[in-house]
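This report concerns only the one structure given below.
Below, chain A is the first sequence line, B the second, and so on; all start at residue 1. The figures that follow rest on heavy atoms only: side chains count, while hydrogens, waters and symmetry mates do not.
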There are 2 protein chains.
Amino acid sequence: MELNRDSQTPYSADRAEKHIIRKLGLKVTTQRLAILKALKGNRGHFTAQEVYETVSGPYPLIGFATIYRFLRLLSEHGFVTEVRLGGLPARYEWKTKQHHDHLTCQQCGFICEFEDPQIEALQNEVAKKFGFALTHHVLELYGICTTCQKKRIPT
Amino acid sequence: MELNRDSQTPYSADRAEKHIIRKLGLKVTTQRLAILKALKGNRGHFTAQEVYETVSGPYPLIGFATIYRFLRLLSEHGFVTEVRLGGLPARYEWKTKQHHDHLTCQQCGFICEFEDPQIEALQNEVAKKFGFALTHHVLELYGICTTCQKKRIPT
DNA sequence: AAGAAAAATGAGAATGAATCTCAACAAGGT
DNA sequence: ACCTTGTTGAGATTCATTCTCATTTTTCTT
(Lines give C-alpha, C1' and ligand atoms only; values in the text may rest on other atoms or scores of the structure.)
Protein backbone atom coordinates (compact mmCIF):
# COMPACT_ATOMS: atom_id res chain seq x y z
CA MET A 1 0.00 0.00 0.00
CA GLU A 2 1.58 3.19 -1.16
CA LEU A 3 -1.22 5.50 -0.37
CA ASN A 4 -0.34 6.51 3.10
CA ARG A 5 2.63 8.61 2.19
CA ASP A 6 0.90 11.92 1.70
CA SER A 7 -2.67 11.10 2.41
CA GLN A 8 -3.02 13.25 5.49
CA THR A 9 -4.04 16.82 4.98
CA PRO A 10 -1.12 19.09 5.83
CA TYR A 11 -2.71 20.60 8.90
CA SER A 12 -4.35 17.33 9.79
CA ALA A 13 -7.96 17.80 10.77
CA ASP A 14 -8.25 14.17 11.76
CA ARG A 15 -8.08 14.73 15.50
CA ALA A 16 -11.48 13.36 16.33
CA GLU A 17 -11.16 10.31 14.12
CA LYS A 18 -7.72 9.43 15.41
CA HIS A 19 -8.96 9.76 18.92
CA ILE A 20 -11.77 7.33 18.28
CA ILE A 21 -9.44 4.78 16.74
CA ARG A 22 -7.01 5.01 19.64
CA LYS A 23 -9.83 4.66 22.11
CA LEU A 24 -10.46 1.27 20.56
CA GLY A 25 -6.82 0.34 21.13
CA LEU A 26 -6.15 0.19 17.40
CA LYS A 27 -3.54 1.61 15.11
CA VAL A 28 -4.42 4.65 13.07
CA THR A 29 -4.49 3.83 9.38
CA THR A 30 -5.55 5.72 6.29
CA GLN A 31 -8.27 3.21 5.66
CA ARG A 32 -9.79 3.56 9.09
CA LEU A 33 -9.75 7.32 8.88
CA ALA A 34 -11.44 7.18 5.50
CA ILE A 35 -14.16 4.84 6.77
CA LEU A 36 -14.84 7.06 9.74
CA LYS A 37 -15.14 10.12 7.54
CA ALA A 38 -17.50 8.34 5.20
CA LEU A 39 -19.71 7.23 8.07
CA LYS A 40 -19.83 10.66 9.60
CA GLY A 41 -20.81 12.15 6.24
CA ASN A 42 -24.35 13.40 6.29
CA ARG A 43 -26.06 10.52 4.51
CA GLY A 44 -26.18 7.94 7.25
CA HIS A 45 -27.50 4.38 6.91
CA PHE A 46 -24.63 3.05 4.82
CA THR A 47 -24.22 -0.47 3.54
CA ALA A 48 -20.69 -1.89 3.41
CA GLN A 49 -20.94 -1.52 -0.35
CA GLU A 50 -21.76 2.16 -0.05
CA VAL A 51 -18.93 2.74 2.35
CA TYR A 52 -16.69 1.08 -0.19
CA GLU A 53 -17.90 3.33 -2.99
CA THR A 54 -17.53 6.46 -0.91
CA VAL A 55 -14.08 5.56 0.31
CA SER A 56 -12.94 4.39 -3.08
CA GLY A 57 -13.00 7.87 -4.54
CA PRO A 58 -9.95 9.21 -2.72
CA TYR A 59 -8.49 5.83 -1.74
CA PRO A 60 -9.07 3.32 -4.51
CA LEU A 61 -7.16 0.58 -2.78
CA ILE A 62 -9.33 -0.47 0.09
CA GLY A 63 -10.64 -3.97 0.54
CA PHE A 64 -13.97 -5.20 1.77
CA ALA A 65 -12.26 -7.22 4.45
CA THR A 66 -11.00 -4.02 6.01
CA ILE A 67 -14.39 -2.35 5.79
CA TYR A 68 -16.26 -5.24 7.34
CA ARG A 69 -13.65 -5.75 10.03
CA PHE A 70 -13.68 -2.14 11.09
CA LEU A 71 -17.44 -1.77 10.91
CA ARG A 72 -17.78 -4.75 13.15
CA LEU A 73 -15.38 -3.30 15.69
CA LEU A 74 -17.16 0.04 15.61
CA SER A 75 -20.50 -1.56 16.14
CA GLU A 76 -19.23 -3.83 18.92
CA HIS A 77 -17.94 -0.78 20.72
CA GLY A 78 -21.12 1.17 20.21
CA PHE A 79 -19.84 3.80 17.80
CA VAL A 80 -22.09 2.58 15.05
CA THR A 81 -25.52 1.00 14.91
CA GLU A 82 -25.96 -2.02 12.71
CA VAL A 83 -29.43 -2.51 11.26
CA ARG A 84 -30.40 -5.62 9.35
CA LEU A 85 -33.77 -5.73 7.68
CA GLY A 86 -35.24 -8.60 5.74
CA GLY A 87 -32.42 -10.43 4.04
CA LEU A 88 -30.90 -7.19 2.84
CA PRO A 89 -27.30 -6.16 3.40
CA ALA A 90 -26.69 -4.66 6.84
CA ARG A 91 -26.80 -0.88 7.17
CA TYR A 92 -24.47 0.99 9.45
CA GLU A 93 -25.18 4.31 11.00
CA TRP A 94 -22.91 6.63 12.90
CA LYS A 95 -24.15 7.23 16.43
CA THR A 96 -23.79 10.95 16.96
CA LYS A 97 -27.34 11.52 17.75
CA GLN A 98 -28.72 9.93 20.83
CA HIS A 99 -30.58 6.68 20.48
CA HIS A 100 -33.54 6.61 18.13
CA ASP A 101 -35.72 4.16 16.26
CA HIS A 102 -36.79 3.90 12.65
CA LEU A 103 -39.98 4.30 10.68
CA THR A 104 -39.44 2.88 7.22
CA CYS A 105 -41.55 3.19 4.07
CA GLN A 106 -41.98 -0.21 2.48
CA GLN A 107 -42.57 1.28 -0.92
CA CYS A 108 -39.66 3.67 -1.36
CA GLY A 109 -37.34 2.86 1.55
CA PHE A 110 -37.57 6.35 3.02
CA ILE A 111 -36.49 6.31 6.66
CA CYS A 112 -37.73 8.59 9.44
CA GLU A 113 -35.98 8.62 12.77
CA PHE A 114 -37.85 9.08 16.00
CA GLU A 115 -37.37 8.72 19.68
CA ASP A 116 -40.07 8.14 22.24
CA PRO A 117 -39.16 8.14 25.92
CA GLN A 118 -42.53 6.71 26.87
CA ILE A 119 -41.96 3.66 24.70
CA GLU A 120 -38.46 3.26 26.13
CA ALA A 121 -39.82 3.38 29.65
CA LEU A 122 -42.41 0.73 28.90
CA GLN A 123 -39.73 -1.50 27.43
CA ASN A 124 -37.85 -1.38 30.70
CA GLU A 125 -41.00 -2.37 32.51
CA VAL A 126 -41.36 -5.42 30.30
CA ALA A 127 -37.76 -6.48 30.80
CA LYS A 128 -38.05 -6.09 34.53
CA LYS A 129 -41.16 -8.24 34.56
CA PHE A 130 -39.20 -11.11 32.97
CA GLY A 131 -36.11 -10.58 35.10
CA PHE A 132 -33.95 -9.57 32.14
CA ALA A 133 -31.11 -7.07 32.31
CA LEU A 134 -31.82 -5.05 29.18
CA THR A 135 -28.85 -4.23 26.98
CA HIS A 136 -30.48 -2.71 23.93
CA HIS A 137 -33.44 -2.96 21.60
CA VAL A 138 -34.56 -2.62 18.03
CA LEU A 139 -37.85 -1.00 17.19
CA GLU A 140 -38.65 -0.80 13.51
CA LEU A 141 -41.99 0.48 12.30
CA TYR A 142 -43.05 -0.23 8.74
CA GLY A 143 -45.65 1.54 6.69
CA ILE A 144 -46.36 3.62 3.63
CA CYS A 145 -45.19 7.22 3.68
CA THR A 146 -47.38 10.18 2.74
CA THR A 147 -45.89 10.51 -0.74
CA CYS A 148 -46.33 6.85 -1.61
CA GLN A 149 -49.87 6.82 -0.27
CA LYS A 150 -50.75 9.43 -2.89
CA LYS A 151 -48.82 7.70 -5.67
CA ARG A 152 -50.61 4.44 -5.00
CA ILE A 153 -52.18 2.88 -8.07
CA PRO A 154 -55.60 1.44 -7.22
CA THR A 155 -55.55 -2.32 -7.75
CA MET B 1 -41.04 -39.02 -5.07
CA GLU B 2 -42.55 -42.22 -3.81
CA LEU B 3 -43.50 -41.10 -0.39
CA ASN B 4 -46.94 -39.86 -0.94
CA ARG B 5 -48.53 -43.18 -1.51
CA ASP B 6 -49.50 -44.02 2.03
CA SER B 7 -48.36 -41.02 3.95
CA GLN B 8 -51.76 -39.83 5.06
CA THR B 9 -53.06 -41.24 8.26
CA PRO B 10 -56.01 -43.50 7.52
CA TYR B 11 -58.62 -41.27 9.13
CA SER B 12 -56.86 -38.15 8.00
CA ALA B 13 -56.59 -35.55 10.68
CA ASP B 14 -55.13 -33.05 8.25
CA ARG B 15 -58.28 -31.00 7.84
CA ALA B 16 -56.92 -27.77 9.16
CA GLU B 17 -53.65 -27.97 7.27
CA LYS B 18 -55.32 -28.80 3.99
CA HIS B 19 -57.69 -25.95 4.46
CA ILE B 20 -54.83 -23.52 4.92
CA ILE B 21 -53.04 -24.75 1.81
CA ARG B 22 -56.19 -24.45 -0.28
CA LYS B 23 -56.82 -20.98 1.04
CA LEU B 24 -53.52 -20.03 -0.53
CA GLY B 25 -54.70 -21.44 -3.86
CA LEU B 26 -52.08 -24.20 -3.77
CA LYS B 27 -52.15 -27.90 -4.22
CA VAL B 28 -52.03 -30.09 -1.14
CA THR B 29 -48.80 -32.06 -1.02
CA THR B 30 -47.22 -34.28 1.58
CA GLN B 31 -44.34 -31.88 1.92
CA ARG B 32 -46.54 -28.92 2.63
CA LEU B 33 -48.55 -30.83 5.16
CA ALA B 34 -45.38 -31.93 6.88
CA ILE B 35 -44.02 -28.39 7.03
CA LEU B 36 -47.26 -27.09 8.48
CA LYS B 37 -47.28 -29.78 11.13
CA ALA B 38 -43.70 -29.02 12.05
CA LEU B 39 -44.43 -25.33 12.38
CA LYS B 40 -47.47 -25.88 14.50
CA GLY B 41 -45.52 -28.18 16.80
CA ASN B 42 -45.05 -26.63 20.16
CA ARG B 43 -41.50 -25.41 19.82
CA GLY B 44 -41.99 -22.35 17.64
CA HIS B 45 -39.23 -20.11 16.25
CA PHE B 46 -37.93 -22.54 13.66
CA THR B 47 -35.10 -21.97 11.27
CA ALA B 48 -35.42 -23.51 7.80
CA GLN B 49 -32.76 -25.97 8.90
CA GLU B 50 -34.81 -27.00 11.92
CA VAL B 51 -37.91 -27.41 9.82
CA TYR B 52 -35.84 -29.63 7.57
CA GLU B 53 -34.66 -31.75 10.47
CA THR B 54 -38.12 -32.10 11.92
CA VAL B 55 -39.71 -32.97 8.63
CA SER B 56 -36.94 -35.32 7.64
CA GLY B 57 -37.87 -37.82 10.31
CA PRO B 58 -41.04 -39.12 8.71
CA TYR B 59 -40.29 -37.78 5.19
CA PRO B 60 -36.59 -38.07 4.46
CA LEU B 61 -36.90 -36.80 0.94
CA ILE B 62 -37.70 -33.14 1.22
CA GLY B 63 -35.58 -30.42 -0.29
CA PHE B 64 -34.63 -27.04 1.05
CA ALA B 65 -36.04 -25.40 -2.03
CA THR B 66 -39.47 -26.65 -1.05
CA ILE B 67 -39.08 -25.52 2.52
CA TYR B 68 -37.91 -22.03 1.65
CA ARG B 69 -40.56 -21.64 -1.05
CA PHE B 70 -43.39 -22.62 1.21
CA LEU B 71 -42.14 -20.64 4.18
CA ARG B 72 -41.98 -17.58 2.01
CA LEU B 73 -45.52 -18.09 0.79
CA LEU B 74 -46.76 -18.61 4.32
CA SER B 75 -45.06 -15.50 5.55
CA GLU B 76 -46.27 -13.40 2.62
CA HIS B 77 -49.79 -14.46 3.40
CA GLY B 78 -49.43 -13.77 7.08
CA PHE B 79 -49.61 -17.34 8.38
CA VAL B 80 -46.10 -17.19 9.66
CA THR B 81 -43.88 -14.49 11.12
CA GLU B 82 -40.36 -14.24 9.80
CA VAL B 83 -37.80 -12.89 12.26
CA ARG B 84 -34.25 -12.11 11.25
CA LEU B 85 -31.78 -11.18 13.96
CA GLY B 86 -28.18 -10.22 13.48
CA GLY B 87 -26.83 -12.13 10.53
CA LEU B 88 -28.40 -15.33 11.77
CA PRO B 89 -30.65 -17.54 9.71
CA ALA B 90 -34.26 -16.36 9.63
CA ARG B 91 -36.63 -17.87 12.17
CA TYR B 92 -40.19 -18.66 11.33
CA GLU B 93 -43.00 -18.79 13.79
CA TRP B 94 -46.54 -20.00 13.37
CA LYS B 95 -49.05 -17.24 14.05
CA THR B 96 -51.73 -18.83 16.18
CA LYS B 97 -51.27 -16.47 18.99
CA GLN B 98 -52.11 -12.86 18.45
CA HIS B 99 -49.30 -10.48 17.71
CA HIS B 100 -46.46 -10.27 20.20
CA ASP B 101 -42.88 -9.08 20.45
CA HIS B 102 -39.69 -10.73 21.62
CA LEU B 103 -37.29 -10.43 24.49
CA THR B 104 -34.13 -12.35 23.67
CA CYS B 105 -31.23 -13.39 25.87
CA GLN B 106 -27.97 -12.55 24.18
CA GLN B 107 -26.12 -15.21 26.10
CA CYS B 108 -28.23 -18.30 25.59
CA GLY B 109 -30.76 -17.28 22.94
CA PHE B 110 -33.73 -17.88 25.22
CA ILE B 111 -36.78 -16.05 23.86
CA CYS B 112 -39.66 -14.59 25.87
CA GLU B 113 -42.77 -13.39 24.13
CA PHE B 114 -44.70 -10.40 25.31
CA GLU B 115 -47.38 -8.08 24.18
CA ASP B 116 -47.91 -4.57 25.38
CA PRO B 117 -50.95 -2.64 24.16
CA GLN B 118 -49.58 0.60 25.54
CA ILE B 119 -46.47 0.33 23.43
CA GLU B 120 -48.57 -0.53 20.39
CA ALA B 121 -50.71 2.51 20.94
CA LEU B 122 -47.70 4.77 21.20
CA GLN B 123 -46.33 3.34 17.97
CA ASN B 124 -49.48 4.36 16.19
CA GLU B 125 -49.10 7.86 17.56
CA VAL B 126 -45.60 8.07 16.14
CA ALA B 127 -46.68 6.84 12.72
CA LYS B 128 -49.53 9.29 12.63
CA LYS B 129 -47.18 12.12 13.49
CA PHE B 130 -45.10 11.34 10.40
CA GLY B 131 -48.11 10.75 8.14
CA PHE B 132 -47.32 7.06 7.67
CA ALA B 133 -49.91 4.34 7.23
CA LEU B 134 -48.51 1.68 9.55
CA THR B 135 -48.45 -1.87 8.23
CA HIS B 136 -46.48 -3.71 10.90
CA HIS B 137 -43.56 -3.43 13.24
CA VAL B 138 -40.71 -5.32 14.83
CA LEU B 139 -39.82 -4.77 18.44
CA GLU B 140 -36.94 -6.84 19.71
CA LEU B 141 -35.55 -6.36 23.20
CA TYR B 142 -32.15 -7.78 24.03
CA GLY B 143 -30.69 -8.51 27.41
CA ILE B 144 -29.38 -11.15 29.76
CA CYS B 145 -31.90 -13.53 31.27
CA THR B 146 -32.10 -14.35 34.98
CA THR B 147 -30.30 -17.67 34.62
CA CYS B 148 -27.40 -16.22 32.65
CA GLN B 149 -27.05 -13.32 35.05
CA LYS B 150 -26.33 -15.85 37.78
CA LYS B 151 -24.05 -18.00 35.64
CA ARG B 152 -21.99 -14.97 34.70
CA ILE B 153 -18.27 -15.45 35.26
CA PRO B 154 -16.74 -12.25 36.66
CA THR B 155 -14.19 -10.95 34.17
C1' DA C 1 16.23 8.42 11.83
C1' DA C 2 16.63 3.50 11.55
C1' DG C 3 15.28 -1.05 13.00
C1' DA C 4 12.37 -4.48 15.11
C1' DA C 5 8.09 -6.21 16.82
C1' DA C 6 3.35 -6.24 16.39
C1' DA C 7 -0.76 -5.11 14.01
C1' DA C 8 -3.30 -4.15 9.72
C1' DT C 9 -4.25 -4.78 4.97
C1' DG C 10 -6.31 -6.97 0.80
C1' DA C 11 -6.68 -10.51 -2.95
C1' DG C 12 -8.83 -14.29 -3.31
C1' DA C 13 -10.79 -18.35 -1.33
C1' DA C 14 -14.33 -20.03 1.76
C1' DT C 15 -18.70 -20.03 4.02
C1' DG C 16 -23.47 -20.23 4.44
C1' DA C 17 -28.24 -18.71 3.80
C1' DA C 18 -31.40 -18.30 0.37
C1' DT C 19 -32.84 -18.55 -4.48
C1' DC C 20 -33.06 -20.33 -9.09
C1' DT C 21 -33.28 -23.92 -12.91
C1' DC C 22 -35.36 -27.47 -15.10
C1' DA C 23 -36.37 -32.27 -15.90
C1' DA C 24 -39.07 -35.66 -13.47
C1' DC C 25 -43.12 -36.16 -10.84
C1' DA C 26 -47.73 -35.70 -8.41
C1' DA C 27 -52.46 -33.51 -7.70
C1' DG C 28 -56.97 -32.48 -9.01
C1' DG C 29 -60.47 -32.00 -12.37
C1' DT C 30 -62.81 -34.52 -16.14
C1' DA D 1 -57.31 -43.75 -15.98
C1' DC D 2 -56.03 -39.27 -18.45
C1' DC D 3 -54.23 -34.95 -19.01
C1' DT D 4 -53.08 -30.42 -17.75
C1' DT D 5 -50.86 -27.75 -14.68
C1' DG D 6 -48.57 -27.04 -10.38
C1' DT D 7 -44.87 -28.94 -7.47
C1' DT D 8 -40.66 -31.03 -6.24
C1' DG D 9 -35.59 -31.43 -5.42
C1' DA D 10 -30.60 -32.03 -6.81
C1' DG D 11 -27.48 -29.18 -7.85
C1' DA D 12 -25.90 -24.86 -9.52
C1' DT D 13 -26.00 -19.97 -8.44
C1' DT D 14 -26.01 -15.73 -5.98
C1' DC D 15 -24.54 -12.61 -2.77
C1' DA D 16 -23.20 -10.80 1.83
C1' DT D 17 -19.88 -11.64 4.94
C1' DT D 18 -15.82 -13.86 6.94
C1' DC D 19 -11.38 -16.09 6.73
C1' DT D 20 -6.41 -16.89 5.31
C1' DC D 21 -2.00 -15.50 5.01
C1' DA D 22 1.80 -13.24 2.65
C1' DT D 23 2.93 -8.47 2.33
C1' DT D 24 2.90 -3.86 4.05
C1' DT D 25 2.27 -0.21 7.76
C1' DT D 26 2.29 1.52 12.17
C1' DT D 27 4.32 2.36 16.42
C1' DC D 28 7.79 1.68 19.84
C1' DT D 29 12.65 1.66 21.06
C1' DT D 30 17.04 3.25 20.77
Side-chain angles (χ1 to χ4, degrees), chain A residues 1-8 12 14 17-36 46-53 55-56 59-76 80 82-92, chain B residues 1-8 12 14 17-36 46-53 55-56 59-76 80 82-92:
Chain A
M1 260 283 282
E2 313 239 320
L3 288 169
N4 288 13
R5 214 175 288 136
D6 58 4
S7 60
Q8 293 177 216
S12 170
D14 300 331
E17 284 84 2
K18 287 185 178 173
H19 189 237
I20 291 165
I21 296 173
R22 294 220 177 83
K23 245 201 222 156
L24 296 174
L26 302 171
K27 292 185 176 173
V28 175
T29 66
T30 324
Q31 290 86 345
R32 286 177 177 158
L33 287 174
I35 293 172
L36 282 181
F46 278 94
T47 60
Q49 180 66 40
E50 286 162 1
V51 171
Y52 176 77
E53 280 157 17
V55 167
S56 282
Y59 312 93
L61 302 180
I62 192 169
F64 276 95
T66 304
I67 293 175
Y68 277 112
R69 255 187 311 240
F70 192 45
L71 284 176
R72 185 143 54 126
L73 283 171
L74 287 173
S75 116
E76 279 171 9
V80 143
E82 188 196 72
V83 183
R84 297 189 192 234
L85 306 179
L88 302 166
R91 299 196 154 270
Y92 300 87
Chain B
M1 262 284 284
E2 314 239 319
L3 289 168
N4 289 13
R5 214 176 286 138
D6 57 4
S7 60
Q8 294 177 216
S12 171
D14 301 331
E17 285 83 3
K18 288 185 178 171
H19 189 237
I20 290 166
I21 297 173
R22 294 219 179 83
K23 248 202 220 157
L24 296 174
L26 302 171
K27 289 186 176 173
V28 175
T29 66
T30 323
Q31 289 85 344
R32 287 178 176 155
L33 288 173
I35 293 172
L36 282 181
F46 278 95
T47 59
Q49 179 66 41
E50 285 163 1
V51 171
Y52 175 77
E53 281 157 17
V55 166
S56 282
Y59 312 94
L61 303 180
I62 192 169
F64 276 96
T66 305
I67 293 174
Y68 278 113
R69 255 187 313 241
F70 192 44
L71 283 176
R72 184 141 57 123
L73 284 170
L74 287 173
S75 117
E76 280 170 8
V80 143
E82 188 197 70
V83 183
R84 296 188 191 235
L85 307 180
L88 302 166
R91 298 196 154 270
Y92 300 88

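Heavy atoms of B/Leu88 sit nowhere under 4.0 angstrom from any nucleic acid atom.
Rounded to whole Å, atom P of C/dC20 lies 12 Å from atom CG of B/Leu73. Atom C1' of nucleotide C/dA18 and atom CG of B/Leu74 are separated by 16 Å, given to the nearest angstrom. The distance between atom CZ of B/Phe70 and atom P of D/dG9, rounded to the nearest whole Å, is 13 Å. Rounded to whole Å, the distance from CD1 on A/Ile67 to P on C/dA8 is 17 Å. Remark: P of D/dC15 and OH of A/Tyr68 are 13 Å apart, rounded to the nearest angstrom. The nearest whole Å value for the distance from the CZ atom in B/Phe64 to the P atom in C/dT19 is 13 Å. For the pair B/Phe46 CZ and C/dA17 C1', the interatomic distance rounds to 18 Å; values are reported in whole Å. Atom-to-atom, OH of A/Tyr52 to C1' of D/dC15 comes out at 16 Å; the value is rounded to the nearest Å.
For C/dG10, the OP1/OP2 oxygens have a side-chain nitrogen or oxygen of A/Thr66 closer than 4.0 Å. Of the side-chain N and O atoms in B/Arg72, none sit less than 4.0 angstrom from OP1 or OP2 of C/dA17.
Of the candidates D/dT27, D/dG9, D/dT18, the closest approach to any side-chain atom of B/Ile62 belongs to D/dG9. With distances taken from any side-chain atom of A/Ala65 to the nucleotides D/dT27, C/dA18, C/dA11, the minimum falls on C/dA11. Out of C/dA18, C/dG28, D/dT26, the shortest distance to the side chain of B/Arg22 is found at C/dG28. Which of D/dT27, D/dG9, C/dA17 sits closest to the side chain of B/Gln31 comes down to D/dG9. Taking every side-chain heavy atom of A/Arg32 into account, C/dT9 is the closest of D/dA16, D/dT26, C/dT9. Listed candidates were C/dA18, D/dT27, C/dA27. Nearest to the side chain of B/Lys27 is C/dA27.
Annotation for A/Ile62 and A/Tyr52: closest pair O-CE1, 3.2 Å, computed over non-hydrogen atoms. In terms of heavy-atom proximity, B/Pro89 sits nearest to B/Thr47 at CB-CG2, 4.3 Å.
Listed by chain and number, the residues in a side chain to side chain donor-acceptor pair (under 3.5 Å) with B/Glu76 amount to none (sequence neighbours excluded). Taking the side chain to side chain donor-acceptor pair (under 3.5 Å) definition, one finds that A/Arg72 meets it with nothing, sequence neighbours left out.
A donor-acceptor pair under 3.5 Å links the side-chain atoms of A/Arg32 to the main chain of A/Lys27, judged by distance alone.
Residue A/Arg69 places a side-chain atom within donor-acceptor reach of the base of C/dG10, judged by atom type and a 3.5 Å distance cut-off alone.
If you find the closest nucleotide of DNA chain C to B/Gln49 and to B/Leu26, the one lying nearer the 5' end belongs to B/Gln49. A residue-by-residue look at B/Arg84 and B/Val28 shows that B/Arg84 has its nearest nucleotide of DNA chain C further toward the 5' end.
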